[in-house]
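In what follows, a structure is listed as C-alpha cells, so that the remarks can point back to it.
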Amino acid sequence: MDYSEFVDVYESLASTTKKLEKATILALFLKKLEKKGKAEWVYLLKGKVVPDYDAREIGISRQLAIKAISKGFGVSENEIVTRLRKIGDLGEIAEEFADKRKQGVLFSGKLKTDKVFDNLRKIMEIEGKGAVDRKLGLVSELLGQATGKEAKYIVRTLLSDLRVGIADGIIRDGIAEAFFEFGEESEKKKEIIFKVEEAYDLTGDFAEVVEAAAEGKSALGKLKVHPGRPINVLLPVKVTEIEEAFRIVGKPAAIEHKYDGFRMIISKESNGEVKLFTRRLEEVTKQFPDVVSVVSKYVKGDSFLLDSEAVGFDSETKKYMPFQAISQRIKRKYDIEELAKKLPIELNIFDVLYLDGKNLMPLEFEKRRKIVEKIVSNRKLKIRVAMQIVTDSEKKAREFYEEALKMGEEGVMFKNLKASYRQGRRVGYIVKMKPEVKDLDLVIIGAEYGTGKRGGWLTSYYVACLNDGKYLGVGKVSSGLKEIESEEGTTYAEMTKILKPLIEETKGQYVKVKPSIVVSVTYQDVQKSPSYESGFALRFPRITAYRPEKPVKEITTLAEIKKES
DNA sequence: AATGACTGCCC
DNA sequence: ATTCTGC
DNA sequence: GCAGAATGGGCAGTCATT
C-alpha cells in the first residue's frame, strides 16, 4: 500500500472536528487494512509503530527531528528553528521544504507504507555509538522519498504527535463501525462499542482487536487478558468540593487517601512470576525487587492483577517521601538494590481486576474491595489495603479529608461502590479531590513559542519572584490562559501581543523579555529545584489571572516562597 | 572521565 | 500532572 | 461528561562532545 493512502486518511481526519465523521473515515480504512492482512498498521493511526505495552521507543523528538529535516532537505537548522517559531509544527515545516525541492530530485516511485513502518521499527532497534547518526540516516532516507504531505506525517509520527484528533476512543468507534452492522439503532451501537472497548481493555492491542473484530462477535468475545501483560487503568475526574464528589459517584461512597506516590499495576501469573507496571504500561519489575518479594509473600492467589499506589519512605526516619524522591527509582537500571534499601516502598492496594483465571472487572467496586481485603495481608510499611471509609455523610467525608491532609497526603479519592472497572477511561467512577493553594504573583522574564494549535504565539512563560531587587526564576507556566477569545480571561494571542514589544533577546524558541508583566500563578507544591535560580520550582503551575494593575515591585518574594516549601 | 543535550515517562 | 475546547 | 491536545517539574538513561 502506498503511504499516500495513509496520508489521505490523516488529512481527512484532520479536516473535521466531528467524532462521528472521524469514526466513519477510520472504519473504511480499517476494513482495507484488515483485508490486506496489515492490521498491525493500525498503530500508525495512533502515531506509533508498536502497541502501548511494548517498551521499545524511537528516541527522536523535537531536537533530533530538526536535525533530520535539516539533513533530509539540505536546509540549515537555523532556518527550521525560525520557521518553527512562526508555525509551531515541524511536520508542516518538513512539508514546506519537501514541496520546495526541485522536482527532479523526487524519488521516482511512490513511498510504500511497508518502508515507513519498517524504517521506524528499525530505528527502535538502533543503539550504541553512532546511534543518532544512523537513526537520522533512516529518517532522511524516508524524507528523501516523500512528497510534502508524506514528509509532514512522517515527522509527526516520529514525534508521536499526529494531531489529527483521534485517540483510543475514536479508534474504538472506528473498529466497531468497520466490522459490525448497527444501522440507526443506538442501543445496538452502544453494545458493540462496549464489546470492542472490552476487547481492547483486555488485550491492550488494537491490531489484535481489529483481527478479532473482522472475524466477528464471538472471536471478539474470546479475547482475554494476556497473563503478564498490563492493562489500562481507570482514571479519576477532578473536583474541588465534597458535594460535587458525592453527586458524581453517588451515596454512599468509598473514600480513600490519595497518596503522593505512583500508580503500580501488579501482575502475578500462575507460574508464580510477579511483574510490575506503571500507569502507562511500562514494565518496572526490575526496578522494584522489594515489591516483587512482598507481593509474592503477602498476597494470596495463584494469579492476579492488582491496582495500587506505591509510596516511598525514608528507611531511617520512616517518614513518607514526596513523589520527587520515589521517582529516582522508576527508571533506574543501576544501583537498584542500594536505592531499594534507602528508599523503600509501601504498597497501597486498592483494587483487584483479575484473580485465579477470573476477570473481576465487571464486578462492583465494593465486591472487588472485599476480595482485596481477603487476599492482601497488611504488613507495616510494606503492603496494606488502602485506608478507606464508606459514608454518605458530608461531615464524615470532610473529617476524613482533613485528616488525610494533616497526615501529609495529597487529598482523597471518592469511589462509586457499584461501579465496574472501566479501563483507560476518565469516567465518573472515581473522583479525586485536592486542596486549592493561594496564588503567587510572579513576573514574566521569558517565554517560549507554542506548537500545534498554539503555533505562532508565546504560550509558555518563565516566571520569577523578587529577592533583593533581583528577579529569580521559579519555573515556567503555560496552562490557564484562553486559546479562544471569550468574555472572561486573557488569551494567548493577547499575551503574545503584550510581550512582543518587551523582547530583549531571541534564542531558538525562547525569548527573554523585560520583567514588567505580572501574572497570578497557582500550584500544588513548592519543591526544591536544580534548574531555577531561586532554588525552588512550582509543582503543577497554572496561570489564574493576568494582573496589569500589579506593580512589579510588589510581587511575591523568595522568602514567601521558601515559607511554602 | 566528566559534562551536557536530548528523550521518555512518572507525577 | 492541569487546563481549555469541541462534541 | 467525556475525549483530545497542549502544556508544567524533574528524574534516569543514552549518546555526543569536550
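The chains referred to below are lettered A, B, ... by the order of the sequence lines, with proteins before strands, and numbering in each begins at 1.
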Original post:
How does protein reach along nucleotides 13-18 of chain D, written 5' to 3' as B (base within reach of a heavy atom under 4.0 Å), S (only sugar-phosphate), or - (no contact)?
Top reply: SSSS--
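- Ring centroids of A:Tyr510 and A:Tyr449 are separated by 6.0 Å or more, keeping the two rings apart.
- Between A:Phe206 and A:Tyr43, the distance from one ring center to the other does not fall under 6.0 angstrom.
- The side chain of A:Ile170 has D:dG4 as its nearest neighbour among D:dG4, B:dC10, D:dC2.
- For the OP1/OP2 pair of D:dC11 and a distance below 4.0 Å, the side-chain nitrogens and oxygens of A:Gln324 include at least one atom meeting the criterion.
- Distances shown here put a side-chain N or O of A:Thr459 below 4.0 Å from the OP1 or OP2 atom of D:dT7.
- Side-chain rings of A:Phe288 and A:Phe262 approach one another, their centers coming within less than 6.0 Å.
- Between A:Ser531 and D:dG9 there is no side-chain N or O to OP1 or OP2 distance below 4.0 Å.
- Phosphate proximity of D:dG8 to A:Ser460: present, with a side-chain N or O under 4.0 Å from OP1 or OP2.
- Taking 4.0 angstrom as the limit, A:Gln527 places none of its side-chain polar atoms (N or O) nearer than this to OP1 or OP2 of D:dG9.
- With a 6.0 Å cutoff to the six-membered ring centre and a 45° limit on the axis angle, A:Arg539 does not count as a cation-pi contact of A:Tyr523.
- Taking the six-membered ring for Trp and thresholds of 30 and 60 degrees, A:Tyr492 and A:Tyr461 have nearly parallel ring planes, at less than 30 degrees apart.
- Comparing B:dG8 with C:dA1, their C1' atoms sit 16 Å apart, to the nearest whole Å.
- Nearest nucleotide to the side chain of A:Lys476, out of D:dG4, D:dG9, D:dC11: D:dG9.
- Side-chain N/O atoms of A:Ser529 include one lying less than 4.0 angstrom from OP1 or OP2 on D:dG10.
- Listed candidates were D:dC2, B:dC6, D:dC11. Nearest to the side chain of A:Gln63 is B:dC6.
- As rounded to the nearest Å, B:dA5 and C:dC4 have P atoms that lie 33 Å from one another.
- A side chain to side chain contact (heavy atoms under 4.5 Å, CB included) with A:Leu458 is found for exactly one of A:Leu499, A:Ile444, A:Val513, namely A:Leu499.
- Closest approach to the A:Leu64 side chain among B:dT7, D:dA6, D:dG10 is made by B:dT7 (side chain taken as heavy atoms from C-beta onward).
- Neither OP1 nor OP2 of B:dC11 sits under 4.0 Å from any side-chain N or O of A:Arg263.
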Original post:
Base, backbone or nothing for each nucleotide of nucleotides 2-7 of chain C, written B, S, -, heavy atoms under 4.0 angstrom, 5' to 3'?
Top reply: BSSSBS
Subject >> Verdict with supporting geometry, A:Gln423 and A:Glu197, side-chain hydrogen bond (donor to acceptor under 3.5 Å, both in side chains) >> reply: CA-CA 9 Å; A:Gln423 293 169 234; A:Glu197 178 168 317; over 6 Å; no
